Amino acid sequence: MCGRATLTVPSFEELARLLGVPYDAELAARYRPRFNMAPSDEHWIVAPFGSTARSLLPAKWGLSIGPKRLPNVRGEHAHKQLKNFAHARCLVPVDGFFEWSGDKGARVPHWFHPAQPHSLLLLAGVYGEGPEGFDFTVLTTKPNAAVAKVHDRMPVVIPTELADQWLRGDQDEALSLVKPAPDDLLVDTVVSTRANSARNDDPECLLPPTDAEAPRQRKLF
DNA sequence: CCAGACGTTGTT
DNA sequence: GTCTGG
DNA sequence: CCAGACGTTGTT
DNA sequence: GTCTGG
């Protein structure tokens, strides 16, 4: 669940503006819009850092715990099973995520995203810091009605106005935000199987499937 | 006390 | 960061 | 998450 | 079947 995401905002400057964080020209060089971001990729997290209320920091998707990297952790158990929960919460800015339907070998990607283009989703994350910098995991929860049609888990989405509650609230305040998103938050768009391979990371990943590649979706009448 | 662990996903 | 095991 | 790989030998 | 890479 939530093993692929998008952040298509064209520029780092616009991303900083949307997030309400200071624009850092040095970090901007590391930014590129993402149409098919995968675990192990460099991404970005928002977290309280140093004396700054909110910083936008580069971080690798996949929290190192022992020898493993975890793209996701169940939100329901994070407070018990991930002992740094109370001390390393973060937000993961995306503007969509993928889930797959269909049989193995014929997977059909669904892009779940806000109706408004470039409207951000703030995913609930937990981050750590290792020898090679920051890394993070995305917390999951039960799906809302839209996502339930495809899968049985979805990422925890934090409402913009409650971002500080997630980042700076106590554990109970933060835990109360671990729940499915409202049913009307996301649009389910079936897209090209080009998105199946993480080697493809371009706007074509978000186009509708061609008839040739999606015979199962084709309407017969 | 210190050392070491700390987990999810989908699929059958 | 914090809990468990030795 | 899905796709793709999954290996050895000796020689430079 | 399982692990790695993207």
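Small disclaimer: the values here were computed from a predicted structure and weren't measured. Hydrogens, waters and symmetry mates play no part in the numbers below; they use all other heavy atoms, side chains included. Letters A, B, ... mirror the listed sequences (proteins, then strands); counts begin at 1.
Rounded to a whole angstrom, the distance from the P atom of D/dA3 to that of B/dG10 is 15 Å. Here the separation of D/dC6 from B/dT8, taken at their P atoms, is 30 Å to the nearest Å. Comparing the P positions of C/dT4 and B/dG7 gives an interatomic distance of 12 Å, to the nearest angstrom. Rounded to the nearest Å, the gap between the P atom of D/dC1 and that of B/dT11 is 8 Å. Rounded to whole Å, the P atom of E/dT2 lies 14 Å from the corresponding atom of B/dT12.
The interatomic distance linking A/H151 (NE2) with D/dC1 (C1') rounds to 8 Å, in whole Å. Rounded to an integer number of Å, the gap from A/M154 CE to D/dC1 P is 16 Å. Per the geometry, CD1 belonging to A/I65 stands 12 Å off C1' belonging to C/dG1, to the nearest Å. E/dG5 atom P lies 16 Å from atom CZ of A/R4, rounded to whole Å. The distance from atom CH2 of A/W111 to atom P of D/dC1 is 21 Å, rounded to the nearest whole Å. Protein atom NZ of A/K104 is 14 Å distant from nucleotide atom P of D/dG4, rounded to whole Å. The distance between atom CZ of A/R32 and atom C1' of E/dG6, rounded to the nearest whole Å, is 10 Å. At whole-Å resolution of the value, CD in A/E99 and P in B/dT11 are 11 Å apart.
Between A/H77 and B/dG7 there is no side-chain N or O to OP1 or OP2 distance below 4.0 Å. For the pair A/R107 and D/dA3, the criterion of a side-chain N or O lying under 4.0 Å from OP1 or OP2 is not met. The side chain of A/R199 contributes no N or O atom lying less than 4.0 Å from OP1 or OP2 of D/dG4. Side-chain N/O atoms of A/N72 include none lying less than 4.0 angstrom from OP1 or OP2 on B/dT9.
Within 4.0 Å of A/R69, counting heavy atoms only, lies no atom of the nucleic acid at all. Within the 4.0 angstrom heavy-atom criterion, only backbone atoms of the sugar-phosphate kind lie near A/T140; the bases stay farther away. At the heavy-atom level, A/D201 lies nowhere under 4.0 Å from the strands shown.
Pairing of B/dT8, defined by two Watson-Crick or G-U wobble distances under 3.5 Å, is not identified with any nucleotide. The partner of B/dA3 is C/dT4, judged by Watson-Crick or G-U wobble contacts that both fall below 3.5 Å.
Comparing D/dC2, B/dG7, E/dG6 against the side chain of A/W100 picks out D/dC2 as the nearest. Residue A/N196 has its side chain nearest to D/dA3 when only B/dT9, D/dA3, E/dG6 are considered.
In this structure, A/H43 and A/F136 have tilted ring planes: the angle between them lies in the 30° to 60° band.
Side-chain N/O atoms of A/S40 and base N/O atoms of E/dG6 include a donor-acceptor pair closer than 3.5 Å.
Side chains of A/P209 and A/V190 form a contact here, defined as non-hydrogen atoms less than 4.5 Å apart.
Remark: side-chain polar atoms of A/R30 are not paired, donor with acceptor, to backbone N or O of A/E42 under 3.5 angstrom.
Checked for salt-bridge contact, A/R153 and A/E76 meet the test: a charged N lies under 4.0 Å from a carboxylate O.
The shortest heavy-atom contact between A/W61 and A/P71 is NE1-O, 3.1 Å.
The 12-atom threshold is not exceeded at CD of A/E132, counting heavy atoms of other residues, nucleotides or ligands nearer than 6.0 Å.
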